[in-house]
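When a residue number appears, it is its place in the shown sequence, counting from 1.
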Amino acid sequence: MPNTADTGSDAPIDVTPLLDDPYPAYAALREAGPVHRITAADGNPAWLVTRYDDVRSGLADPRLSLDKRHAAPGGYQGFSLPPALDANLGNMDPPDHTRIRRLVAKAFTPRRVEALRAPTRKTADALLDAMAERGRADLIADYAGPLPIAVICDLLGIPHRDRRDFLAWSDALITPDPSRPELMKEAIGAMQEFYTGLIAAKRAEPGDDLLSDLIAVRDDQAADGAGEGSERLSEDELTSLAFLLLFAGYENTVHLIGNAVLTLLDHPDQFRQLQRDPAELPAAVEEFLRYDGPGPLSIRRFPTEDLEIGGVRIAAGETVLLAIASANRDPERFPDPATFDRGRDRSGHLGLGHGIHYCLGAPLARMETVIALEALLDRFPGLRLDVPRGDVRHRRALRARGLISLPVAF
C-alpha cells in the first residue's frame, strides 16, 4: 500500500491493492489510520473506515444515512437504478425502512425459510449428481451459483426458464466490464422489464410464494385506501423489493459458499473434521463469514451532519464506506485474525452487517451454506483443487468478495 500517513487529507489512496490482495492491504490501512480518502469505483471520492470499533459503530449510527437524498453532489452513490428498482431497503432510512422491513418480515417468516430446507438439500444432491458423472467441475458455475439461485427463485416463485437470464444480469451488475458500460445499463433495463412482468403475472395467477404474498399485501392496502404515512407499499417499492431479495439472495450466498469451500481446501484438517462431524457446520459458517465473507464493504452511507469517525472530520453528504472485511480481520477484536479458527470467539463478527440494516436474509443464507457444505463434504470426501492454488482468482470488485471460478476434481 502507499504511504497513508496523511489519513484524513484530501489525497486519495490507491485502492488497487484492495482489489488484488485485500487482506494485507486492509491490515496496512488499519495500521496507518482508522479512516482514509479513496477514489470509488465510479471515480468519485469516498471515505473508507477500516477499524472494527468504528465500523461497528458506523453500521448502527443513525447519522449515517442510506438515503441518496443526503448525498452531496459529486460523491459516490453506488448503482444508478431507475425508480422502479431503486426504492429498496438498501436506500432507505426509518421510517420508510422500518415500514417496509416490517411488511417483509410478515411474509419472510422462519416457517417459510424452514420449509425450504428439504428442497434445498434435494437441489444440492441433484447438482452433485450431475457433477459426479464428470469427475471434475467448476464449483461456482456448477454448484455454488445454481444452488442459491434455485432457492431464492423457489422462495419468490420465479419460473425456471427465467433463471439463466437472471444470472447473466447479476454478473453484469456484480462485476461490470469498464470497457462496455452499456452492458450494465442493458442488464438494469432487462431486470426492470422482468420484474414488472413477473409482478403482473403473479397478480393474475398468485402462487404459494413470497412474492405473491407481498403483492397481496400491496393490493389489499390499496383496496383499503391506505394513504401516505400508513403501512402502504407503493408499486415502485414492491418492484424494488423483489429486485433486492432476488439479487442479494443470490449474490451473497454464492460468494459465501465458494469462499467457504476454498477455505476448507486450504485447510484440509478442518475439511476432514467437518466431514466427521457435520453438526459443527453452523458454527463453522460464522467463522467463514468472519474470515472471508462475501461483502467486504457496507452499502455506502451519507452523514446527515458533520461528524467525526476515528478522529477524522467528515462533512455532511460525503460518502462513507465501512470496511466490513477489514473490521473482521482487526486484531484488536479478533486475535490472530488471519488464521481460520473455528474455535475462536467470533461473536460480534460483521459478516452479515449490524444494526437495523442487518441482513434480512441471514437465516436463509446460513441454512443454504450449511446444507451446501454438508452435501458436498458427504458426497466428495476426496475433493481437491484441479488447478494450482495460484490460478484461483477472485472477482476484482470492492463491493463483492467472490470467486470467478473454482475448478475441482474428486
Decide if atom [atom1] of [X] counts as having more than 12 heavy atoms of other residues, nucleotides or ligands within a radius under 6.0 Å.
| X | atom1 | answer |
| --- | --- | --- |
| Arg69 | CZ | no |
| Glu332 | CD | no |
| Asp129 | CG | yes |

Exercise for the section: May I have the step-by-step check of side chain to side chain contact (heavy atoms under 4.5 Å, CB included) for Leu147 and Val254, ending in yes or no? Expected result: CA-CA 8 Å; Leu147 181 61; Val254 61; over 6 Å; no

Exercise for the section: Check the pair Leu116, Met367 against side chain to side chain contact (heavy atoms under 4.5 Å, CB included), reporting the backbone distance first and the verdict last. Expected result: CA-CA 9 Å; Leu116 289 168; Met367 181 272 286; 3.9 Å; yes

Exercise for the section: Report yes if the side chains of Val320 and Arg300 come closer than 4.5 Å at any heavy-atom pair, otherwise no. Expected result: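 No; the side chains remain at least 4.5 Å from each other.
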
Handout entry: pair Leu59-Ser298: side-chain heavy atoms closer than 4.5 Å
Key =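 When only atoms from C-beta onward are counted, Ser298 and Leu59 do touch, with a gap below 4.5 Å.
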
Using modelled atom types and a 3.5 Å cut-off, is there a donor and acceptor pairing between side-chain atoms of [X] and backbone atoms of [Y]?
| X | Y | answer |
| --- | --- | --- |
| Asn328 | Leu350 | yes |
| Asp306 | Ala316 | yes |
| Arg121 | Arg117 | no |
| Ser65 | Thr304 | no |
| Thr253 | Gly249 | yes |
| His267 | Thr263 | yes |
| Asp67 | His70 | no |
| Arg51 | Arg30 | yes |
| Asp21 | Leu18 | no |
| Asp93 | Leu66 | yes |

For a quick test of reading the model, state the closest non-hydrogen atom pair linking [X] to [Y] and the distance between them.
| X | Y | result |
| --- | --- | --- |
| Leu360 | Arg101 | CA-NH2, 3.7 Å |
| Asn259 | Asp292 | ND2-O, 3.1 Å |
| Gly311 | Glu308 | CA-OE1, 3.9 Å |
| Tyr143 | Ala375 | OH-CB, 3.7 Å |
| Leu233 | Leu214 | CD2-O, 4.2 Å |
| Leu256 | Pro294 | N-CB, 4.0 Å |

Exercise for the section: Please check if any side-chain donor atom of Asp345 sits under 3.5 Å from a side-chain acceptor atom of Ser347, or the reverse. Expected result: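 Short answer, yes.
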
Exercise for the section: Determine whether the side chains of Thr239 and Asp236 contain a donor N or O and an acceptor N or O closer than 3.5 Å. Expected result: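 On atom types as modelled, these side chains do not qualify, holding no pair under 3.5 Å.
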
Less than 4.0 angstrom from a charged side-chain N to a carboxylate O is my criterion; do [X] and [Y] meet it?
| X | Y | answer |
| --- | --- | --- |
| Arg99 | Asp96 | yes |
| Arg329 | Glu31 | no |
| Arg134 | Asp142 | yes |
| Arg301 | Asp61 | no |

Distance, nearest 0.5 Å, that separates [atom1] of [X] from [atom2] of [Y]:
| X | Y | atom1 | atom2 | answer |
| --- | --- | --- | --- | --- |
| Leu139 | Ile257 | CG | CD1 | 9.0 Å |
| Tyr23 | Tyr291 | OH | OH | 8.5 Å |
| Asp266 | Phe271 | CG | CZ | 12.0 Å |
| Leu321 | Thr50 | CG | OG1 | 12.0 Å |
| Leu406 | Leu265 | CG | CG | 6.5 Å |
| Ser405 | Ile140 | OG | CD1 | 7.5 Å |

Exercise for the section: Please state whether the rings of Phe243 and Phe247 are parallel, tilted or perpendicular, taking 30° and 60° as the class boundaries. Expected result: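 Ring orientation, 0 to 90° scale: parallel.
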
Problem - Ring geometry between Phe288 and Phe340 (parallel below 30°, tilted from 30 to 60°, perpendicular above 60°) - result: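 Parallel.
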
Exercise for the section: With sequence neighbours excluded, give me every salt bridge (charged side-chain N to carboxylate O under 4.0 Å, His left out) pair touching residues 276-289. Expected result: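 Listed by first then second residue: Glu286-Arg366, Glu287-Arg290, Glu287-Arg344.
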
Exercise for the section: Would you please test Ile152 and Leu246 for side chain to side chain contact (heavy atoms under 4.5 Å, CB included) and show each step? Expected result: CA-CA 6 Å; Ile152 196 68; Leu246 185 52; 3.3 Å; yes

Show every donor-acceptor pair shorter than 3.5 Å between a side-chain atom in residues 181-199 and any protein atom, with sequence neighbours excluded, or say none if there are none.
{"unit_1": "Glu182", "atom_1": "OE2", "unit_2": "Arg180", "atom_2": "NE", "d": "3.2"}
{"unit_1": "Thr196", "atom_1": "OG1", "unit_2": "Gln192", "atom_2": "O", "d": "2.8"}

Exercise for the section: Please assess Glu251 against Arg399 for the test salt bridge (Lys or Arg N to Asp or Glu O under 4.0 Å), listing each intermediate value before the final yes or no. Expected result: CA-CA 11 Å; Glu251 181 191 19; Arg399 66 172 302 277; 2.8 Å; yes

